[in-house]
Amino acid sequence: MNPVNYLYLAALLFTIGAAGVLIRRNAIVVFMCIELMLNACNLALVAFSRMHGNLDGQIIAFFTMVVAAAEVVVGLAIIVSLFRSRHSASVDDASLMKL
Amino acid sequence: MDNAENLIALLVAAPLLGAAVLLVGGRRLDRTGHWIGTALAAVSFVVAVVLFADMLGRPGDDRTLYQHLFSWIPVGGFQADIAFQLDQLSMTFVLLITGVGSLIHLYSVGYMEHDERRRRFFGYLNLFLAAMLLLVLADNYLLLYVGWEGVGLASYLLIGFWQHKPSAATAAKKAFLVNRVGDMGLSIAIMLMFTTFGTFAFGPVLGATGETSEGTLTALGLLLLLAACGKSAQVPLQSWLGDAMEGPTPVSALIHAATMVTAGVYLITRSGAIFNAAPDAQLAVVTVGAVTLLFGAIVGCAKDDIKKALAGSTMSQIGYMILAAGLGPIGYAFAIMHLVTHGFFKAGLFLGAGSVMHGMNDEVDMRKYGGLRKYMPITFVTFGLGYLAIIGFPGLSGFFSKDKIIEAAFAKGGTEGWILGGAALLGAAITAFYMTRVMLMTFFGEKRWQPDDKGELPHPHESPRTMTIPMIVLAFGSVFAGGLFSWHESFVKWLEPVTSFEHGHSPLSAATVTTATVAVMVLGVALAYLQYGRRPVPVTPPRGSLLTRAARRDLLQDDFNHVVLVRGGEHLTRSLVYVDHSLVDGVVNGTAASFGGLSGRLRKLQNGYARTYAVTMFGGTAVLIAATLLMRAV
Amino acid sequence: MSFPLLTATAALPALGAIATAAVPAGRRTAAKWLALLVSLGTLVLAAVIAVRFEPGGDRYQLTESHAWIADFGVRYELGVDGIAVALIALTAVLIPVIILAGWHDADPLETDSQRWRPTQGFFALILSVEAMVILSFEATDVFLFYILFEAMLIPMYFLIGGFGDRAAPARQGAAATGGGEENAAAQRSYAAVKFLLYNLAGGLIMLAAVIGLYVVAGNFSLTEIAEARANGTLEMATNTERLLFLGFFFAFAVKAPLWPLHTWLPNAMGESTAPVAVLITAVVDKVGTFAMLRFCLGLFPEASEWATPVILALALISIVYGALLAVGQRDIKRLIAYASISHFGFIIMGIFAMTTQGQAGATLYMVNHGISTAALMLVAGFLISRRGSRLIADYGGVQKVAPILAGTFLIGGLATLSLPGLAPFVSEFLVLVGTFARYPVVGVIATLGIVLAALYTLVLYQRTMTGPVKEEVRTLPDLRLRELVVVTPLIALLIFLGVYPKPLTDIVNPAVEHTMSDVQKKDPQPEVEAAK
């Protein structure tokens, strides 16, 4: 199959993820959408790796996975503690990221 | 004697050592310090006499000695050496400086007896001697400049010696600053010499004056004149000398009468080759001399402070010397001759004044003296001889030297000659007037003594022997030096190899000039007698004419300086401080503030909502991608 | 391989800084002694450099070269010429003096002994500045120099902001706002930030120029680039050269400081303690003027010549303007700061006069100004610490109570006004002669500076030391032993270098010849010889 199709798929997944991040309010969903975007990138990287015939893309994909795993751990922990303190998982309820 | 030149450095080294020992030595030298200082000054004098004897033993054209110590500043073509040159001109100065200097050291032992800082005073005096000797012994202009500023420093320290008095501290500062203006002239002159001749040693510069343009030489001459004006208190840089009388009287005698203030005359005489080839510069020199000799004399007439009256006189007498030096080869020798005789009689007069003050509880106002001749006989006689010498009483020192200068002034020729000669004659008359006034007010008439701050009337008494001996020696010099120098023109012949000499051709015969000089002198004395001898002198000064009042204020020179320089300077610095703070710094602080304001506004974009940030991020990325694609497409 | 002397001279104070910082909090005195010993050791190494340096030999000697960031052609390259040797010696002499003068400046305050005053940190910071300054004098790699030039700011920032003058609150501040200690702290942090921002701004522009230089030349080696420039293998477009020159010059002019980039200096010197003020003006600022001589002239000779008229004009303004502002100051330390601005004007004028005398004079001036300002500023610091005020008007008649203090102050002042016989005269006169030879008018105007210098120095002396003794001054003690030990070597050097500067000129002259050949200039011929 033409590897370009994988790229189309990756772009579609990335767009879905991006739209989710922007539109949804639930922190868990936003988080899942971010994961979707990361994985879309992974897909694209692997596809590139295939197209160029070297392993660079796959290696970066591995890095991404490791980082994503770490991110999940930290991110979920933050969401859980936020939920505990505010009884809400809406991202619009917290504006703690300013001075 | 072989290798006499090796002794030259010793002349400078002895007093320099004295200064170092006395100033660093601390309190433990308080009891012996003054004798150490005096002894080292005397050592210098003895060395000078030895060198003089050696010099006399050699033929006239082979009397110059050189001593090269070490290379001082060698940078590329700029080669400055620490090297000395001792010729007849330097020798004359060295003898005067060390001789009068030693006497005044001796005098100061008595005069400063009750001052707790006497050791320091002698340290400064020694420092002065070292610097002054360096000035006259240097073989190049840069080293001369070192001595030049060195005597300025010593003068600063000594004028301000009683620096707890604000007036003394101010006078010292003023002297240094005015001198610095003159020094600027000397330093620019040295730079110009370097760019013109590639050197600033006396020999090469003065020997090569024929190879450059008259314009350059005129510039050099005017710059050197500026320097001389500063150091020798000539118009327009004369204002510091009167205030310098705040210093202890021995200082006034040594520095501000006999030696340092005559350095300008030395500079001009030494640079004779430059002036000889620059008539315009010479004209400036004689003008300055003539103006100052009248200026100082007029000021001297109006002052009631005995030291300030003498200071005006000094200014005037140096005016004579500068005038003579500006006349060229017909005048150099007479300038120096008058300088030496003046060194004797003016130092003697100042020491006499100091002795009077010593006996009168440090009172300086002559209106509160009177009738002192009975109480201070030695002072009276020595002061009187100095007085006769300065007014040019026939047979005494001043007569010979001043007469020659007046004659030379007429010999300048043309209208100039008549104007200069006339000014010099007028100056002689005024000199006789003000000196007679000083004499009469101090030693004659009835007692006008006033109680001092503590309510005690002064008990005038003769001064101790350490003070009277120097006065007696100087009185001998005042009487005999002139005659000795004029004996078969011995002084002129002695200096001729260095300064060259020509007989001036005066439109008036020598006898006419002499008669005129004596006549105006008698006139001046008679006028003063009518004013101050026949009538009682009021203790409070009368209001006086416009001229008198102006002369009391030094002919308004300080008022001029105050309005133009001091006030103007204050305004300038104050406005510059303001400019620096609000404009130069304001621009910077303004930039900082505007950045602060901008960031405050940008901060509002950060509302803390995660989704806003996400939108910004996506938007930014989109713009970037769009831009990239657009660039591709183009 | 021979012993890396240059590295060692910089490494010793660097290691000393770490060791001093590591001394336990209670052993304050031990830290001070350690710092002093390290700085004395550095002085010994600097002396070895001076002895090993052969004035007649290669341009850069005792060279070391190692690969560092190979991808960008950055090398760790060191080498000294005569100018660098003179300045390294100056730094090595001044640091022990500064440490000794600041012996008690970082002690805990007696009033609140609880408050933590990092004594160790103070001395460690001084040593780290010494290390960086020395290494920057030695660096012949532009990038290495740049890093040091910038890194110096960090310890200086803390020294200015963290260890302010204990004499503060100055009366003017207290009277203006009524807040004592707090107001002083605010002033101090303003001064420190201003110092940092000014120098960072200069440094950033220089960074751009450094990168630009790399793009054009392909490496950072001063010697290689200068050589390539000289033999024509490296052509630069006129505009490129001028832009790069301006980038470098701007940074150095801020550091030097040249009018109108000078306003950080009076604040920084006024607010910091006297020893730190000396560190700023006598040591750190010298890197700026040194770099003009080495990098601006060496790398961009044609652009230097192009910019000369403007730079001379700015230098002339600095001279007169700094001196006039010094006359108008009421604060002793700010007065000395403005005097320094005037003196830096002389140094820059000497450098860009492009004559042997001017450049040798400028180099000597850097050394002599370091010594004379240190003498004047440190004695002023001793005076201020006794009375607790920086205002001139708070003093009067000190001469009567503390004659030795007043005497040393006067000598420092006389050196500042370039009295012949003291070291600064030699350098000032050389600068003036060198300038006059090529630009007579500039030389004559600059000579005004000597009159103004006399004015501000003597006014300062008169107002503080002479006159009737003020009541608050009556009990001031004279100089103590430690303070005498600080001042004596400085005065001895001032006199020695004033009477016999030959050892210094012998080292400096060959380096100046090289710089002159860099810019392809010859001294103007004397008129009389030219006519032949």
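Letters A, B, ... mirror the listed sequences (proteins, then strands); counts begin at 1. The figures that follow rest on heavy atoms only: side chains count, while hydrogens, waters and symmetry mates do not.
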OH/B:Y578: more than 12 non-hydrogen atoms of other groups inside 6.0 Å: no
Aromatic B:W72 / basic C:K502 pairing, under 6.0 angstrom, 45° off normal: no
Charged N-O contact under 4.0 Å between B:K173 and B:D243: no
Polar side-chain atom of B:R180 near backbone of C:V451 as donor-acceptor pair, under 3.5 Å: no
Partners passing ring-ring contact (aromatic ring centres under 6.0 Å, His included) against C:F425 (at least two apart in sequence or in another chain): B:Y145, C:F429
Any donor-acceptor pair under 3.5 Å from C:D478 side chain to C:I404 backbone: yes
Side chain / backbone / both / neither for C:P260 at chain B, heavy atoms under 4.5 Å: both
Contact origin within C:V508 toward chain B - heavy atom pairs under 4.5 Å: neither
Donor-acceptor pair between B:Q163 and C:T466 side chains, under 3.5 angstrom: no
Per-residue contact mode, C:L414 against chain B (heavy atom under 4.5 angstrom): side chain
Top contributor to chain B contacts, counting heavy-atom pairs under 4.5 Å, from C:L364, C:L261, C:L432, C:L504: C:L432
Structural part of C:L417 lying under 4.5 Å from a heavy atom of chain B: both
Engaged part of B:F70 at the chain C interface, taking heavy atoms whose separation is under 4.5 Å: side chain
Validation row, ring centre C:Y321 to ring centre C:Y338 under 6.0 Å: no
Side chain, backbone, both or neither of B:L572 within contact of chain C (heavy atoms, under 4.5 Å): side chain
Winner by heavy-atom pair count (cut-off under 4.5 Å) against chain C, out of B:L192, B:T196, B:T573: B:T196
Option that, when pairs with chain B are counted at under 4.5 Å, heavy atom only, ranks first among C:A454, C:A360, C:G397: C:A454
Residue among B:N179, B:D585, B:V577 with most heavy-atom pairs under 4.5 Å to chain C: B:D585
Which atoms of B:S167 approach chain C - backbone, side chain, both or neither, heavy atom under 4.5 Å: neither
Choice from C:Q329, C:E513, C:K194 maximising heavy atom contacts with chain B below 4.5 Å: C:K194
Heavy-atom proximity to chain B below 4.5 Å, by part of C:Y456: neither
Chain B neighbours within residues 436-443 of chain C, where any heavy atom lies under 4.5 Å away: C:F436, C:A437
Any donor-acceptor N/O pair, B:T212 side chain to B:T209 backbone, under 3.5 Å: no
Among C:V327, C:L419, C:T356, residue most engaged with chain B (heavy-atom pairs, under 4.5 Å): C:L419
Most chain C-contacting option - heavy-atom pairs closer than 4.5 Å, from B:A172, B:S71, B:G150, B:G160: B:S71
Proximal component of C:Q462, with respect to chain B [non-hydrogen, under 4.5 Å]: side chain
Contact class of B:L153 relative to chain C, heavy atoms under 4.5 angstrom: side chain
B:F161 six-ring centre to B:R120 NZ/CZ under 6.0 Å and within 45° of normal: no
C:K522 backbone acceptor or donor facing C:Q525 side chain under 3.5 Å: no
Top contributor to chain B contacts, counting heavy-atom pairs under 4.5 Å, from C:D523, C:D506, C:L430: C:L430
Side-chain (C:S342) to main-chain (C:G322) donor-acceptor, under 3.5 angstrom: no
B:R117 CZ: over 12 foreign heavy atoms closer than 6.0 Å: yes
Ring center gap for B:Y141 and B:F200 short of 6.0 angstrom: no
N/O donor-acceptor pair under 3.5 Å between B:D183 side chain and B:W148 backbone: no
B:S213 side chain to B:T216 side chain, donor-acceptor N/O pair below 3.5 angstrom: yes
Which atoms of C:V512 approach chain B - backbone, side chain, both or neither, heavy atom under 4.5 Å: neither
Interface moiety of C:L197 toward chain B, non-hydrogen atoms closer than 4.5 Å: neither
